Protein chains: 2
Amino acid sequence: MQAIILVSTAYITEQAVTVADKTFFQLRKDIVEGDILPASKLSETELSTKYAVSRSVIREAINRLESCHLVERKANVGARVVALTPEGLVELYQVRESLEGMAARLAAKNMTDSEIADLNSLLNSHFEGVKAEGSYYQEAGDLDFHYRIILGSKNRPLISILIDGIYHLVRMYRVQLGMAGPRVSTAFDEHKHIVQAISNRDEELAEILMRRHISYSKNNIQTKLIKN
Amino acid sequence: MQAIILVSTAYITEQAVTVADKTFFQLRKDIVEGDILPASKLSETELSTKYAVSRSVIREAINRLESCHLVERKANVGARVVALTPEGLVELYQVRESLEGMAARLAAKNMTDSEIADLNSLLNSHFEGVKAEGSYYQEAGDLDFHYRIILGSKNRPLISILIDGIYHLVRMYRVQLGMAGPRVSTAFDEHKHIVQAISNRDEELAEILMRRHISYSKNNIQTKLIKN
DNA sequence: ACCTTCTGCTTTGTCGACAATCTGGCGGCT
DNA sequence: AGCCGCCAGATTGTCGACAAAGCAGAAGGT
């Protein structure tokens with residue numbers, strides 16, 4: 001199988017079949033990318049006119065957003081976009097460290113050789129990007145990398161928790177804090193070493209390196225938040 | 001604060017304010033406890049007559065069950081209770097091992113002295129139960145123990161993943177496989193050592209012991225499943 | 001002047017009806 | 001005979017209307 005290199009994360013096909021699906025994806029996008037401000041109220045009637053759908057599908061979308069922890073809802077009162085706290089972000093990264101470390105370990109065990117080859121190709125294309133544009137390596141590339149390793153774990157509960165639950169939250173936090181694309185070259189090196197460990201089927205090292213990689217990110221965010 | 005000892009897990013008050021809440025809790029209970037069989041179809045109209053509520057609230061309840069991974073839904077087709085596979089259970093226990101290990105570590109760090117005192121009291125009451133009834137220590141006590149440590153981690157994303165997401169699934173698996181209350185005395189000893197580590201604020205040991213504790217459970221389940 | 005209570009309005013929760021889609025079986029065609 | 005397409009039945013998806021709960025402001029009492 002020829003390696004398919006994609007920079008965007010669009011190949012993770014969450015296909016929307018119903019109107020509620022589409023509305024959910026749209027709303028999630030608008031929240032994650034900051035078009036709907038954090039801590040703002042989500043009025044059902046308002047949104048139903050805005051997105052031109054009935055209140056039922058808005059309600060369903062909001063319920064799903066609540067399951068992702070992107071909004072909080074109080075009965076008989078309404079839903080608000082989650083507010084961003086530094087403590088919350090640290091807590092989230094603690095969980096990420098544990099789970100993605102595990103994902104890396106399992107990926108080293110369970111990924112097929114061709115999947116690993118694809119991962120290497122992805123990394124090479126990132127390298128080309130870094131070399132060419134200098135400050136490439138924003139969001140998409142980083143996320144693609146983590147995505148693949150998570151999927152490579154082949155552990156469905158783990159994949160679900162990380163992709164459905166944590167991932168979009170992290171993305172929202174990044175956008176809100178304007179943390180897109182720091183630590184460019186160091187992060188790239190870290191990725192390289194992780195992939196190498198996975199290629200060598202060194203489960204223990206893969207986990208350690210991934211944990212460290214995320215821990216660095218966490219520290220980076222913490223110092224940046226303290227500065228503000 | 002005097003230690004309050006409860007054997008049931010009912011003190012985790014998920015209070016249902018709306019009809020949809022009550023229906024969700026009821027449905028979840030019926031699924032987890034096996035009154036609704038695994039892999040059976042959840043017909044919206046049928047359930048709406050059975051529980052005497054409208055289809056809307058059934059739909060909402062099913063959506064929430066899907067978020068807990070207790071049911072799987074296909075668009076335009078319907079929802080089914082998740083089917084039980086040994087592999088799925090092992091995957092779930094892998095995640096539990098990682099997350100509850102982390103919870104134990106954080107609990108050793110973040111629980112207050114009085115919370116730890118309560119935990120010790122709980123353990124003593126369990127000991128009394130084991131001594132008195134011999135084969136006490138089913139479900140409730142074990143789960144109370146894990147609950148407290150999870151909550152003691154004080155990490156909200158972690159608590160949410162374990163309590164809302166994984167816990168009920170594990171319970172369902174246990175019921176379906178008839179795994180209630182094996183490993184009585186050994187598990188009790190393991191609990192004792194975990195609490196001791198937490199009391200000593202030994203984060204690393206608490207994590208190791210908790211991971212081992214869950215790993216034992218996993219192995220126990222695996223051998224039992226292979227025998228069948 | 002301040003607090004309490006009532007009232008009216010807005011928003012969410014629940015419901016039943018209608019529209020769209022899938023399932024399964026029958027009939028026809030190759 | 002086997003396969004494909006079509007039709008009927010049932011189920012899910014979507015909608016707008018009604019009911020119930022919360023919130024803000026005005027009115028009245030202390």
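Because the structure is predicted, anything quoted here is derived from the model rather than measured. Residue numbers start from 1 in every chain, and the chains themselves are labelled A, B, ... in the order their sequence lines are given, proteins ahead of strands.
You'll find that the side chain of Glu44(B) is closest to dG13(D), out of dT14(C), dT14(D), dG13(D). Taking the side chain of Arg73(A) as heavy atoms from C-beta on, and the options dG13(D), dC15(C), dG13(C), the nearest nucleotide is dG13(C). Set against dC22(C), dG13(D), dA17(D), the side chain of Arg55(B) has dG13(D) as its closest nucleotide.
Going from atom CG of Asp21(B) over to atom P of dA21(D) covers 14 Å, rounded to whole Å. When rounded to the nearest whole Å, the span between CD of Glu46(A) and C1' of dT12(C) equals 14 Å. In this structure, the CD1 atom of Ile58(B) is 15 Å from the P atom of dT11(D), given to the nearest Å. The nearest whole Å value for the distance from the CG atom in Asn63(B) to the P atom in dT14(C) is 14 Å. Here the P atom of nucleotide dA19(C) and the CG atom of Asn76(B) are 17 Å apart, to the nearest Å. Atom NZ in Lys74(B) sits about 13 Å away from atom P in dG13(D), given to the nearest Å. Atoms CG (Leu47(B)) and P (dT14(C)) sit 16 Å apart, rounded to a whole Å. In this entry the distance linking CD of Glu60(A) with P of dC15(C) reads 17 Å, nearest Å.
At the phosphate of dT14(D), neither OP1 nor OP2 sits under 4.0 Å from any side-chain N or O atom of Ser54(A). The shortest distance between the side-chain N/O atoms of Ser56(B) and the OP1/OP2 oxygens of dG16(C) is not below 4.0 Å. Within the 4.0 Å cut-off from OP1 or OP2 of dT12(D), not a single side-chain nitrogen or oxygen of Arg59(B) is found. Phosphate contact (OP1/OP2 of dT12(D), side-chain N/O of Lys41(B), threshold under 4.0 Å): present.
Nearer the 5' end of DNA chain D, as judged by each residue's closest nucleotide, is the contact made by Val17(A), out of Val17(A) and Ala75(A).
Note: Phe145(B) and His213(B) have perpendicular aromatic rings, judged against thresholds of 30 and 60 degrees for the angle between ring planes.
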Practice problem: Take Arg59(A) and Glu60(B) through the salt bridge (Lys or Arg N to Asp or Glu O under 4.0 Å) test and state the conclusion after the steps. | Solution: CA-CA 9 Å; Arg59(A) 275 182 72 79; Glu60(B) 178 168 341; 3.7 Å; yes
Exercise. Kindly determine whether Glu100(A) and Arg211(A) satisfy salt bridge (Lys or Arg N to Asp or Glu O under 4.0 Å), including the steps that lead there.
Key: CA-CA 7 Å; Glu100(A) 290 210 35; Arg211(A) 293 185 78 115; over 6 Å; no
Practice problem: Mind running salt bridge (Lys or Arg N to Asp or Glu O under 4.0 Å) on Glu72(B) and Arg80(B) for me, showing each step along the way? | Solution: CA-CA 5 Å; Glu72(B) 286 171 348; Arg80(B) 308 193 82 90; over 6 Å; no
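Leu42(A) comes within 4.0 angstrom of sugar-phosphate atoms only, judged by non-hydrogen atoms across all strands, and of no base.
In this structure, Arg96(A) satisfies the cation-pi test against Tyr93(A), with its NZ or CZ atom closer than 6.0 Å to the six-membered ring centre and inside 45 degrees of the ring normal.
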